[in-house]
Amino acid sequence: MIDLAQLRREPDEVKAALARRGVPASNMDAILELDIEHRRLLHDAEALRAQVKDLSRQVGEARRAKADDVAEELQRTSRELGDREREASEASDAVAEKLRAELLMIPNLPSPDAPDGPDESANVEVRRWWLGMAEGAPFPTYEDYQRVAHWECARELGILDLESGAKLAGSMFPLYRGDGARLLRALSFLALDRHRDAYEEIRPPSVALTETMMSTGHLPKSADDMYEVPRDDLWLIPTAEVPLTSMRRGEILDESALPIRLTALTACFRREAGAAGRDTRGLLRVHEFDKVELFAYCTPEQAEAAHADILARAEGLLRELGLTYRVLDLCAGDLGTSSARTIDLEVYSPGVDKWLEVSSVSWFRDFQARRANVRFRSAQGTQFVHTVNGSALAWARIWAALVETYRQADGTVRLPDVLAPYFGDLTIRPRS
RNA sequence: GGAGGGAUGACAGAGCGGCCGAAUGUACCGGUCUUGAAAACCGGCGUGGGCUUGCCCACCGUGGGUUCAAAUCCCACUCCCUCCGCCA
């Protein structure tokens, strides 16, 4: 949620920032009007309330002084005022609710550092990396046997069974078999071990309450993109960001405890509403995938370094896996609702000849913390924390890129050495 | 799923219709004393909102209700503890 006080204080700056992501200034004006209306009504209600309280005090005094007739009279007056107060409060509450609803629909202010642009076409490619680049090797060329889509070569090897997944849960719910399932597990273990030095491992619930989804900004805006369990007021988490951000909901943290850095391996569920038909084959876009998430609560001063650390760790894993990737700085128009700045990592997958998004490293400033009400105490008083997070990494697409990149001429897959401690024999052969 | 007990400030814990935004202790911050520290003593010490910046309003798990007046009474719900049932 954006800061209403900031909108009041510097409306033009806020409008200008939000215009960069296509939010019309009229939305802000509507909010400012509601705010003025709300404060007027609130003031009326509070003045009446103060009178009722004062009269009630006098009733108590009169009763103790045995002046019952005086008390009766005071009660009558107070009862009338009470009725008016109730009306005034209801009017004020109604406006407050409208105001909050409007405010919840407003996305975060983009960071001044985020590039300009209306949509993904304007994202800025910051750099590319490939194996051997530091030693002067050119951008890799790929052999014909690497130009086979993962859904084909994986089926040959018997490590991916999309038909069975579809039978169980519908299309876009993949089922991994044998070494395919083991590879997924190896990747998660590798990542969690790499982050152990600084990030506490969390295994959160895979579902979250509506209230929890609100605090991360996924509701009300992204309701159609999530799976819902209405009977129990639960939603399947689209990312571990949801439980991690809400873990300290409503708390005031000690400044000395920051940054609090957390990592979690969870399944992630996405309905991908409206995405049908677009790059949906194989593992390109699925309803459920495993992901290791990195997350930090920090002070505003720590945020930049925390963001950089998560990005470095995500990139570090890609390099260890020897996968070609590029780094994109998302333009203002392509930022997620809650984000002020996002760096995406995309892996090049030769079999499908596409760049696949495998990580999104975001800085939310205090946008999520304001909704989730996570603060810290400092010398300057109590203030909202900043949150940052990023995937390191999302495995379905990494899995696809690995299988395609490391496919050998004979159809087997020779995995990178870094996986040896987790996978053993690094060659995936057809099951006999 | 059934029965009982509970939820109050950073923590512990009192209050159980009006003088309660809330005793007391601990922790924390400032001061006195001290070479320094500890102890002792003194003072301070929740969060948010409104405006006429001195006051007002809200918050005692959550939501409703009763009342002139609710932390306190009533109802529903959530969570925690104990016991019973069921169950990886």
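This one's a predicted model, so the numbers in the text were calculated from it and none came from an experiment. Order of the sequence lines sets the chain letters (A, B, ...), proteins ahead of strands, with each chain counted from 1.
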I need the Phe376(A) CZ to Ile252(A) CD1 distance, nearest 0.5 Å. 11.5 Å
Might you work through the salt bridge (charged side-chain N to carboxylate O under 4.0 Å, His left out) test for Asp197(A) and Arg313(A), ending with a clear yes or no? CA-CA 12 Å; Asp197(A) 59 309; Arg313(A) 283 168 186 270; 2.9 Å; yes
Return the 5'-most residue of the pair Leu55(A), Thr382(A) with respect to RNA chain B, ranking by each residue's nearest nucleotide. Thr382(A)
Given that Ile252(A) and Ala47(A) both sit by RNA chain B, which one's nearest nucleotide is further toward the 5' end? Ile252(A)
Quick check on Arg155(A): does its CZ atom have over 12 non-hydrogen neighbours (other residues, nucleotides or ligands) under 6.0 Å away? no
Report, as yes or no, whether the 6.0 Å neighbourhood of atom CZ on Arg196(A) holds more than 12 heavy atoms from other residues, nucleotides or ligands. no
Would [X] and [Y] count as having a side-chain donor-acceptor pair, cut-off 3.5 Å?
X: Arg185(A); Y: Tyr422(A); result: no
X: Ser338(A); Y: Asn108(A); result: no
X: Thr212(A); Y: Arg249(A); result: yes

Mind checking [X] for me? I need base, sugar-phosphate or nothing, with any heavy atom below 4.0 Å counting as a touch.
X: Arg377(A); answer: sugar-phosphate
X: Ser78(A); answer: sugar-phosphate
X: Thr77(A); answer: nothing
X: Leu74(A); answer: nothing
X: Arg8(A); answer: sugar-phosphate

Using atom [atom1] of each nucleotide, how far apart are [N] and [M] to the nearest Å?
N: G6(B); M: G18(B); atom1: C1'; result: 27 Å
N: A10(B); M: U47(B); atom1: C1'; result: 13 Å
N: A14(B); M: G64(B); atom1: C1'; result: 28 Å
N: C16(B); M: U8(B); atom1: C1'; result: 12 Å
N: G17(B); M: A70(B); atom1: P; result: 14 Å
N: A3(B); M: C77(B); atom1: P; result: 12 Å
N: A71(B); M: A22(B); atom1: P; result: 12 Å
N: G5(B); M: G9(B); atom1: C1'; result: 24 Å

Min and max contacting nt of RNA chain B in 5' to 3' order, chain A heavy atoms within under 4.0 angstrom, are G18(B) to A70(B)
Only pairs with both distances under 3.5 Å count, Watson-Crick or wobble alike; so what is the partner of [N] in this structure?
N: G9(B); result: none
N: C16(B); result: none
N: G4(B); result: C81(B)
N: A37(B); result: none
N: A27(B); result: none
N: G46(B); result: C59(B)

Less than 4.5 Å apart, side chain to side chain, heavy atoms only: is that true for Phe289(A) and Leu184(A)? no
